[in-house]
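See structure below.
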There are 2 protein chains.
Amino acid sequence: MHTDPGTSSSPSSREKILDVAEALFAAQGFAGVSLADVAARVGLGKSSLFHHFPGKVSLYAEVSERVIERIIQRLQPAFEASGPATERLDRMIEGLCDALAEHAPAARLLLRSLFEDHLFAPEDEPTLAPVEALVAKVTGLAAELLRDGIARGEFREVSVPDAVQTVIGAVVYHYASGEVGEKILGGPIFSAESVARRRREVTTFIHTALVASPAPGKA
Amino acid sequence: MHTDPGTSSSPSSREKILDVAEALFAAQGFAGVSLADVAARVGLGKSSLFHHFPGKVSLYAEVSERVIERIIQRLQPAFEASGPATERLDRMIEGLCDALAEHAPAARLLLRSLFEDHLFAPEDEPTLAPVEALVAKVTGLAAELLRDGIARGEFREVSVPDAVQTVIGAVVYHYASGEVGEKILGGPIFSAESVARRRREVTTFIHTALVASPAPGKA
DNA sequence: GTCTATACGATGATAGAC
DNA sequence: GTCTATCATCGTATAGAC
């Protein structure tokens with residue numbers, strides 16, 4: 001793909017830029033980040049960034065791409081497995097939890113990428129297309145998993161698109177909720193105990209919602 | 001509270017500004033919005049805005065405040081009712097769905113307000129405090145509802161804070177998901193049919209997750 | 001209450017030396 | 001590849017006329 005001389009090297013400027021930009025974009029959004037700030041934190045002059053990326057949009061796109069690719073890597077096992085859908089579902093949610101918990105900026109960046117559509121000009125679309133493709137890929141695989149589970153009779157007959165949306169929201173939001181989330185929790189979000197508890201709770205929550213027969217007290 | 005001469009009048013400049021700003025903040029985030037853009041869309045000069053609001057942060061805070069107050073109004077009945085917790089839960093989720101579906105910018109603005117913490121200076125905190133207070137109030141009431149349901153034996157013994165987080169994510173995210181969500185749905189988010197289906201699906205999802213006895217296939 | 005004019009810093013991006 | 005200018009533009013905010 002890109003300039004990749006030797007598959008690995010001591011963290012190139014390129015990767016340092018991506019790391020710094022990722023943290024900043026997650027915290028402040030696309031419009032809220034200045035390239036001067038990025039450059040300063042990397043230890044470069046502002047102009048040096050343009051040697052690595054043609055512009056701000058391109059940098060943002062590559063940051064997003066990298067985040068989603070990391071998540072997909074984590075989900076691959078769940079999608080490729082062939083056991084019961086219930087087990088694959090649990091693995092999918094756990095994989096997503098792990099990916100988001102391991103890399104704090106990921107969740108915010110992910111949700112932000114949904115919101116910041118209107119910020120880009122039409123001519124930026126080619127630059128952002130790969131990101132959209134990756135998102136479409138992973139949501140498609142999740143939908144497939146749910147459809148399969150329903151077909152096998154393992155899940156209730158829910159609206160698959162709505163269930164996908166619910167799962168995304170239930171899992172991703174938590175790791176993006178920041179101070180509000182920590183106020184609700186009464187403690188940190190990314191501590192080891194909190195991450196473990198969250199993984200268990202949200203997996204059981206979704207599992208129960210999909211597997212159980214139509215709720216007793218409900219028409 | 002503010003300048004409220006007569007409780008009602010033909011839409012004052014003030015309210016028009018709030019409406020326009022709300023749409024823009026939801027679409028482009030705090031940093032992505034220029035006051036010039038707001039002024040232009042209202043039909044005012046840029047400087048005229050400062051006659052109604054002392055600054056950008058203040059405008060943003062009031063927009064957010066208004067959105068959350070609208071939501072709380074919708075949730076009031078659910079919180080004040082005294083029937084079974086299962087019924088109050090359903091009413092709460094439906095109320096939240098209605099509030100978010102009725103006012104398209106609300107969900108994005110709400111989630112954005114969680115993300116944009118780091119954008120503000122310490123001296124802006126007093127301005128933003130009322131918003132935080134309202135969020136804390138509504139999440140507190142939701143937690144109370146869940147605790148009561150567990151105490152009555154109507155709900156599973158879940159972690160209440162995690163369940164609150166899950167509910168927020170499951171419900172709010174959907175209405176903020178924009179193009180990605182519409183791609184998953186294969187249709188619009190805010191159409192009447194879509195809104196009705198969503199309300200039913202997500203209410204049943206959460207209701208089932210909380211009410212059902214621990215999932216069969218699960219340890 | 002709204003306008004014009006303006007101050008003044010920060011922004012993304014470019015050019016060219018080293 | 002990194003740097004030092006430099007550019008044109010746009011940002012919030014202020015002052016003062018109408």
Side-chain angles (χ1 to χ4, degrees), chain A residues 2-6 9-22 24-25 27-64 116 118-128, chain B residues 2-6 9-21 24-25 27-63 116 118-128:
Chain A
H2 313 116
T3 315
D4 194 348
S9 57
S10 57
S12 62
S13 276
R14 185 188 174 76
E15 280 178 88
K16 278 199 280 188
I17 294 171
L18 284 171
D19 287 338
V20 168
E22 181 175 317
L24 282 176
F25 281 135
Q28 305 176 4
F30 177 80
V33 171
S34 79
L35 295 185
D37 198 1
V38 175
R41 296 195 192 214
V42 177
L44 292 179
K46 310 153 202 188
S47 308
S48 303
L49 293 186
F50 291 89
H51 256 269
H52 299 276
F53 304 91
K56 196 185 185 184
V57 176
S58 200
L59 174 59
Y60 180 76
E62 243 179 282
V63 165
S64 304
E116 322 234 25
H118 304 273
L119 270 174
F120 302 106
E123 71 245 31
D124 294 328
E125 246 241 341
T127 309
L128 299 166
Chain B
H2 313 116
T3 317
D4 195 349
S9 58
S10 58
S12 62
S13 277
R14 184 189 175 75
E15 279 180 87
K16 278 199 280 188
I17 294 171
L18 283 172
D19 287 339
V20 169
L24 282 176
F25 280 135
Q28 304 174 8
F30 177 79
V33 171
S34 79
L35 295 184
D37 198 1
V38 174
R41 297 194 191 216
V42 176
L44 291 180
K46 312 156 203 189
S47 309
S48 302
L49 293 186
F50 292 89
H51 243 273
H52 298 277
F53 305 92
K56 195 185 186 184
V57 174
S58 198
L59 174 58
Y60 181 76
E62 239 178 286
V63 165
E116 320 234 25
H118 303 274
L119 271 174
F120 302 106
E123 72 244 30
D124 294 327
E125 248 240 339
T127 310
L128 298 166

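Chain identifiers are assigned alphabetically (A, B, ...) following the order of the sequence lines, protein sequences preceding nucleic acid strands; residue numbering begins at 1 within each chain.
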Can you check the A/Phe120 CZ to C/dG12 C1' distance for me, whole Å? 14 Å
Using whole Å, what does the distance between atom P of nucleotide C/dG12 and atom CG of A/Leu24 come to? 11 Å
If you round to the nearest 0.5 Å, how far is CG of A/Leu59 from CZ of A/Phe25? 4.5 Å
Enumerate the residues from residues 46-58 of chain B whose closest heavy atom to DNA chain D is under 4.0 Å, giving them by residue number; use none for an empty result. B/Ser47, B/Phe50, B/Gly55, B/Lys56
Going by the salt bridge (Lys or Arg N to Asp or Glu O under 4.0 Å) test, which pairs reach into residues 32-43 of chain B, not counting sequence neighbours? B/Asp37-B/Arg41
Check side-chain contact (heavy atoms from CB on, under 4.5 Å) between B/His51 and all other residues, then give those that pass, not counting sequence neighbours. none
Rounded to the nearest angstrom, tell me the gap between atom CG in B/Asp124 and atom P in D/dT12. 14 Å
Over all strands shown, is A/Val38 touching base, sugar-phosphate only, or nothing at heavy-atom distances under 4.0 angstrom? nothing
If I take atom CG in residue B/Leu35 and atom C1' in nucleotide D/dG11, what distance separates them, rounded to the nearest angstrom? 9 Å
Whole angstrom is fine here: how far is it from CD in A/Glu123 over to C1' in C/dG12? 14 Å
With sequence neighbours left out, the residues meeting salt bridge (charged side-chain N to carboxylate O under 4.0 Å, His left out) with B/Asp124 are none
Residues which pass side chain to side chain donor-acceptor pair (under 3.5 Å) with A/Gln28, listed by chain and number, not counting sequence neighbours: none
Can you pull the salt bridge (Lys or Arg N to Asp or Glu O under 4.0 Å) pairs that have at least one residue in residues 42-52 of chain A, sequence neighbours excluded? none
